[in-house]
Each structure stands twice: as C-alpha cells, then as structure tokens.
Number of protein chains: 2
Amino acid sequence: MTQPDPEDRHDSHSAASTVADDLARLILGEMTPGTSLPSEADLATRYDVSRLTIREAVKMLEGRGLLEIARGRKALVRAPDGSAFADFLTSVIRYDAKGLFDLIEVRLSLEVQSATLAARHSTRAGVAAIESALQGMREAADGAIDLPTDAVELRFHSFDVGFHEAIALASGNRVLGYLFEAMAQPLREGFYISRRGHERRGHTIQDTIDAHQRILDCIKDGNGRAAADAMRFHLKDTERDIRAALSGRPLRTE
Amino acid sequence: MTQPDPEDRHDSHSAASTVADDLARLILGEMTPGTSLPSEADLATRYDVSRLTIREAVKMLEGRGLLEIARGRKALVRAPDGSAFADFLTSVIRYDAKGLFDLIEVRLSLEVQSATLAARHSTRAGVAAIESALQGMREAADGAIDLPTDAVELRFHSFDVGFHEAIALASGNRVLGYLFEAMAQPLREGFYISRRGHERRGHTIQDTIDAHQRILDCIKDGNGRAAADAMRFHLKDTERDIRAALSGRPLRTE
DNA sequence: TCCTCCGAGATATCAGATACCTTTTAGTAA
DNA sequence: TTACTAAAAGGTATCTGATATCTCGGAGGA
C-alpha cells in the first residue's frame, strides 16, 4: 500500500520540475546557507533550457523555502526554517474543524518534550530568555489589570508565545524549535482566542502568569519530569479555554 | 473580484510574489482540494499582469505544495500532505550531524503519542492495516533468515516503515500522520542503516518482529500506556542500533 | 449505443526586449 | 591619499508574441 515512492512529489516530465529537483538535490546535498546560485543566464546555458524555465524552477524552490530571491542579486541558499510547513498546517486547520484540536494535541506532546529537555540541559542564556519573556508578560499585564485593551492583549499574547518559543529553543533540539515555529503561526489565532475563554471560565491573567512561573521554576530546578507535568497541565488548561471560547461563538466567520 | 490595487506594482515584493500570496490566501481560505484554479490567461487579466507573472506565482504555489499542475489542465488545489516539509527536514539533517538524532528524538515523542492514541481509539480497519504490515515483515523475513539479500532487506524495511505509518494513521490525528510522512523520508536512510547495527549488537530479525508484535498487541488491547511503553522501548532500541551502525563506519560519504 | 477523431482550450517552452535594482569600479574632488 | 559620487556592469523582474504539445468534450460515423 504505502510503497516507498521517492518521486511522487512532481511528475518530473516537465523541464522546469526536472531542473528544480536537480537543483534541490544540489542545494540540499552540497551547498551551505548563504551560498549563491549561478545566475539565471548561466544556469540556462548549463541545463540547455531557456531562461524562463530556469526562472520557474527557481521560483518553485523559493516556494519550497530553499532559496531567497531578491531583485538584482543572485539567488541565495536559505537556512532552514519552519515557514515552509506553516501554510500547510494552516490548510489542515481550515479543511477540517477537528484539525485545530489535532494540532493542539500534537503541540502538547512537543511542548511537553521541550520542557523536559529544557529542564535537563538548558544553558544560562536559555533560561534567561525564558525569564525575560515571562517578565514581558508581567509588564504587559500590569498595564491592563482593570481594562485590558486589544493592544495590551496583543502585547501580552506576543510575550506568551515568546515564552513557549524560548522553551523550545532552550531544549537544545533544533527540530523542536523549527516545528514550534511552524505550528505557532497557524495556532496563534486559536491561542489568542483562548484568552476570552480563560475569562469566561473565571480565571485571571495572574493565573496564566502563575502557570508559566511554575513551568519556569521546574526548568530552573532541572526537574524534567516536573517541568513536563507543569507544561502539560498548562496546555490542557489552555485547550479548555479555547473550547470554552469556541463554544460561545463560532471560529472565524471571515 | 480581486480588483488589482494600483500600488501593488511598487510593493517591496515582486508582482509574482504578491499574486502568489493572494492566491495562497484564497486557496487556504475558501477553496477545497480538487477545485481548479482559473486558467493562466484568466488570472493574467484579473490581476492585470502578464501570463508569465501568473506562471511564476503558480509555480511558487506548486513548490509550497498547494497546487498540482499538469500540462493541458487547469491547476488543481491539492490536499495537504507532509511532503512540503520533507526536504526542509532533510536539510536539517545534512547541515548538522546532531540533526539526525534531534529528529529521531522528536520522532520518538510523536510515535509514542501515535501509539497511545491508536490504542485508545483505532478502528477495526486501522488495526487491520497495522497487522497487514506486520504480516508483510514476517513474509519478507521468512525468505531471508539465512542469507538476507539487499532486495529482501529493502522489502522488510519497507514494511517496517509501513507498520509505523499505519499506527500514525490509526491514531486518528491527521497532523500526526502528516508529520510522520514528512519525517519518514529523511529518516528512511538512517533506519535502513539501523539493521546493520541491529545485527552487530547480536539481535535478529525475529527480535524486531517480536518488538512490533508487542506494540500491536497493546494497541489491540486498547492499552494506551502499555502501547506507549512498547513503542518507546522499540524506538530507543532502534536508536541504539543506529548509533552502533554509525560508530562502525561514517554515514553517507557521498 | 459506443467508439473514434478533431478542434478548442490549456499548459510548456522558447526568443527577444525593456526596466529597474545592486554591486563594483573608475573618476573626481578634498 | 582618502572619501565621495557617478557611471557601468551584471542581475533579476516583467512584458510581448509565437509555437508545440497535451487534455477533454463533442461531432460524427459504425
């Protein structure tokens, strides 16, 4: 059934796709980020196709996140980041109402692992970054206890995301960092909405800060298991917030 | 619809990127897989750019995995799959020796979760798919107990991957399935190599089959925790196999 | 009714030009 | 000699127009 089908991405019988795949192999195989590709005219003579075909191939690779193209400069090989995955995950969420919660479920697993790893072997700088994000949340909240405006909420939320991202980075596992980055964008809206459910369930901003503080304390203690538990508890609670917010009114009528 | 903004032309981004982003928003927002895009000529008049610009935009979206393009037919909106992420993960592995083990670490976490979820709520069809893959492993092994040829090993390995993929699918969480698919390709080589380390450590193919059987049994019992433990044990063991294989001789000289 | 063939429509690719941006170089003035 | 500036060189962005080839639906014949 699921036979290894190495070439199912593109039916390589178009010239542009063939060139693109060949360049991709080259880029992934033996070029480091920052290196520049030969010029379009050069590649055109090399592959014996027109410049247009080269352009299309290069545009495909730009779409795949492998190249960075700017006018007047040669194409640069790009360092990997999660953005290539982000709009894919967005589509998962949109096509399927259950997709949002599938994604949250996966994120929980990855963040719990991040917290565990961060507790076990994070550097002083890693912990400092997490602390700084939490401090930012505090300051954003201090200006908004009575009447949180949208701008303040946005600011608070942004530090909240930064807190979780700092933990993913502090895990020392780069793949976790990339995956977090890729998931953060599609989930941003959902987690922003969660604040509404948070209030509806009778919780305050201070509760949120306390939950984050507990996670940070466990990481500073180097207690991986406790950090995992604290993170799991916090995310489960956030998930309940989102469900509460969504039960009130539907997500994204647009 | 989509009346062209006059200042689009002098945006910091290129016209092709602008069109691509707009189309991406459209596709992700309100088009279902299988729907076809308007023809290139149609889009060209709509956005008031040349057909070439449309082609480049469409090629970018093909690279992002959002469209499927064939000659003579309109571009089709594509259902999401993990392939958009695969070459990104490949680059992570290549750029960094630690990347391979980072990826294995993440995979462990995701597969343990898959096993848990599969045990909790898999369908009869889902279990049947897992069983079928295991049966395939058995048959491949039966023909290769004494002298496993490369072809037989490849066959066995292919069913092995199929087993894990079936579990990811049986979890009912589609994001897990996509992530597994995206990770499978870059990891395929590593796990193929693991068989060498497996033998070096004095284990047999039967041991591998037994380990998979234990995972399957737990899933059939509906025991999520036991399935997670069995999966974790198996993957930790496989990781040791890979390390043993790599310590013998370096990976991929190419 | 079913099959075959053809034309309309769609993409694939080519060639040649122009516009504009970036980097480098050469020249000029301090 | 140094610093600043302007032009040239090399690159990408985009357009126009044309040809080749593929897909699909409909007309027409068996």
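Chain letters run A, B, ... following the sequence lines, proteins first and then strands; every chain starts at 1.
- Side-chain contact annotation: B:Ser109 with A:Ser109, donor-acceptor N/O pair under 3.5 Å present.
- Taking the six-membered ring for Trp and thresholds of 30 and 60 degrees, A:His164 and A:His212 have ring planes more than 60 degrees apart, a perpendicular arrangement.
- Residues A:Phe163 and A:Ile130 have side chains in contact (heavy-atom distance under 4.5 Å, counting atoms from C-beta outward).
- When the options A:Ile54, A:Leu26, A:Ile69, A:Leu67 are evaluated for a side-chain contact (heavy atoms from CB on, under 4.5 Å) with A:Leu37, the one that passes is A:Leu67.
- With a 4.5 Å cut-off on side-chain heavy atoms, A:Thr90 and A:Gln185 do not count as touching.
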Sequence-aligned protein contact record of nucleotides 6-12 of chain D, with B where the base is within under 4.0 Å of a protein heavy atom and S where only the sugar-phosphate is: ----BBB
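- Residues satisfying the side-chain contact (heavy atoms from CB on, under 4.5 Å) test with A:Asp42, not counting sequence neighbours, are A:Pro38, A:Ser39, A:Thr45, A:Arg46.
- With contacts defined as side-chain heavy-atom distances shorter than 4.5 Å, the pair A:Leu169/A:Phe180 does not qualify.
- At least one side-chain heavy atom of A:Leu110 sits under 4.5 Å from a side-chain heavy atom of B:Leu110.
- Between B:Glu56 atom CD and D:dA13 atom P there is a gap of 7 Å when expressed in whole angstrom units.
- Running 5' to 3' along DNA chain C, contacts with non-hydrogen atoms of chain A at under 4.0 Å begin and end at C:dT13 to C:dT23.
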